[in-house]
**Student:** 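Let me give you the structure first, and then I'll get to my questions.
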Protein chains: 2
Amino acid sequence: MQGGGWSDQVNALGGFIRAQRQMAKLSLREMASMTRVSNAYLSQVERGLHQPSLKVLHSIADALQLNTEQLLQQAGWGGGVGAAAAANGGAEPAAEEASAGPCSVEEAVRAETRLTEEQKAALLGVYRSFLES
Amino acid sequence: MQGGGWSDQVNALGGFIRAQRQMAKLSLREMASMTRVSNAYLSQVERGLHQPSLKVLHSIADALQLNTEQLLQQAGWGGGVGAAAAANGGAEPAAEEASAGPCSVEEAVRAETRLTEEQKAALLGVYRSFLES
DNA sequence: CAGCTTTGATTGACATACTTAACGCTGCTG
DNA sequence: CAGCAGCGTTAAGTATGTCAATCAAAGCTG
């Protein structure tokens, strides 16, 4: 059972979808009727409890009018499509307290030690997509 | 049971995969070991009996060294999103002015003047959901 | 010919995607 | 206060994806 390792990735996807849905001011039930996917399942997907199939992912992208590639990238296709070259530098010294440091959102997220790298990438993805509007 | 409407699509995907595999002169079992997906399931996918998940699709694309977009298009992404236009030139300004102030993610987000209140709320919602693991 | 290997296909059991019907909570309206 | 309406979440069930074991047929080797 190699399960579990990918939950970060799924959580990133779910957070991304949830953020986009909230920005579009849709409730779970509204989005459910648009996508013809049950609200319950959407809730679970958004919290990373399940990985949606292509059909569902497609419906979601359609309902939220999202850029397809962006959504797919969040869904785990970071290995081939966009290649945004996230230069990772080296391992950071894992500062225990973020008490002293730079203050932009980007820096603050990167300095947050409680987040995984995937989570940071997802959060920054949402952030940048907001800035592009 | 809705008998078959989408089977055309799946069959197209399966046929495409089978053709590519044979062209690469791989047996089902060879490809199975490369993709870490069972030969049995690959056989079924190739004959349109099942629609593979993202994970499997990704593995297949990787093993066959296929163009990702090409495979996804066969898998059913040819139809819906429409428009999108995706003018994604990619010029990321990255001008982080960072007004000197607090440093946590929460504070940094609240201090970000380019975000609307809704966007801040959405972003912080994702952030907090990540922390609640 | 028997025996070994490899091929694609099938079966049965299990894990995961997904649905429908509830639940508890918050905010309103009378 | 009761009562309704909306929200997100949970519970229990069904459908589908996925695997390990197995099969019959075809190609070799001796």
**Student:** Distance check, rounded to the nearest 0.5 Å: A:Arg29 atom CZ versus A:Leu42 atom CG?
**Tutor:** 11.0 Å

**Student:** So what does B:Ser38 touch, heavy atoms closer than 4.0 Å: a base, only the sugar-phosphate, or nothing?
**Tutor:**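 The residue B:Ser38 makes base contact.
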
**Student:** Rounding to a whole Å, what distance do you find between A:Asn39:CG and C:dT19:C1'?
**Tutor:**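 Atom CG in A:Asn39 sits about 10 Å away from atom C1' in C:dT19.
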
**Student:** Does D:dC7 have OP1 or OP2 under 4.0 Å away from a side-chain N or O of A:Arg21?
**Tutor:**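 False: A:Arg21 side-chain N/O out of range (4.0 Å or more) of D:dC7 OP1/OP2.
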
**Student:** Has A:Gln22 got a side-chain atom pairing as donor or acceptor with A:Ala19's backbone, closer than 3.5 angstrom?
**Tutor:**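 No, the answer is negative, given that no donor and acceptor are paired below the 3.5 Å cut-off.
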
**Student:** Can you tell me which nucleotide in C:dT19, D:dC19, C:dA9 comes closest to the side chain of B:Arg47?
**Tutor:** C:dA9

**Student:** A:Leu49 CG to C:dT16 P: how many Å, rounded?
**Tutor:**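 In whole Å, C:dT16 P and A:Leu49 CG are 12 Å from each other.
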
**Student:** Rounded to the Å, how far apart are A:Leu42 CG and D:dT10 P?
**Tutor:** 15 Å

**Student:** Output the residues of residues 23-32 of chain B in contact with DNA chain D, where contact means a heavy atom of the residue under 4.0 Å from an atom of the strand; sort by number or write none.
**Tutor:**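 Contacts with DNA chain D under 4.0 Å: B:Arg29.
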
**Student:** Within this structure, what is the CD-to-P distance between A:Gln44 and C:dA17, rounded to whole angstrom?
**Tutor:**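 So the two atoms are 10 Å apart, to the nearest Å.
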
**Student:** Compare side-chain N and O positions of A:Ser53 against OP1 and OP2 of C:dC18 and report whether any pair is under 4.0 Å apart.
**Tutor:**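 So the side chain of A:Ser53 is within the cut-off, an N or O lying under 4.0 Å from OP1 or OP2 of C:dC18.
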
**Student:** Rounding to a whole Å, what distance do you find between A:Glu46:CD and D:dC7:C1'?
**Tutor:** 13 Å

**Student:** In this structure, how many angstroms lie between the P atom of D:dG17 and the CG atom of B:Leu57, rounded?
**Tutor:** 12 Å

**Student:** Using OP1 and OP2 only, check whether a side-chain N or O of A:Ser43 sits under 4.0 Å from D:dT9.
**Tutor:** yes

**Student:** List the residues meeting ring-ring contact (aromatic ring centres under 6.0 Å, His included) with B:Tyr41, not counting sequence neighbours, and say none if there are none.
**Tutor:** B:His50

**Student:** For A:Tyr41 and C:dT16, what is the distance between atoms OH and P respectively, to the nearest whole Å?
**Tutor:** 12 Å

**Student:** Could you tell me how far apart A:Gln51 (CD) and D:dT16 (C1') are, to the nearest whole angstrom?
**Tutor:**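 In whole Å, D:dT16 C1' and A:Gln51 CD are 15 Å from each other.
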
**Student:** Using only atom types and a distance under 3.5 Å, with no angle test, would you say the side chain of A:Arg18 pairs donor to acceptor with the backbone of A:Glu46?
**Tutor:** no

**Student:** Are OP1 or OP2 of C:dT16 and a side-chain N or O of A:His50 less than 4.0 angstrom apart?
**Tutor:**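 No, because none of the side-chain N or O atoms of A:His50 sits under 4.0 Å from OP1 or OP2 of C:dT16.
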
**Student:** Compare every heavy atom of A:Ser59 with every heavy atom of A:Thr35, then report the nearest pair and how far apart it is.
**Tutor:** CG2-O, 3.6 Å

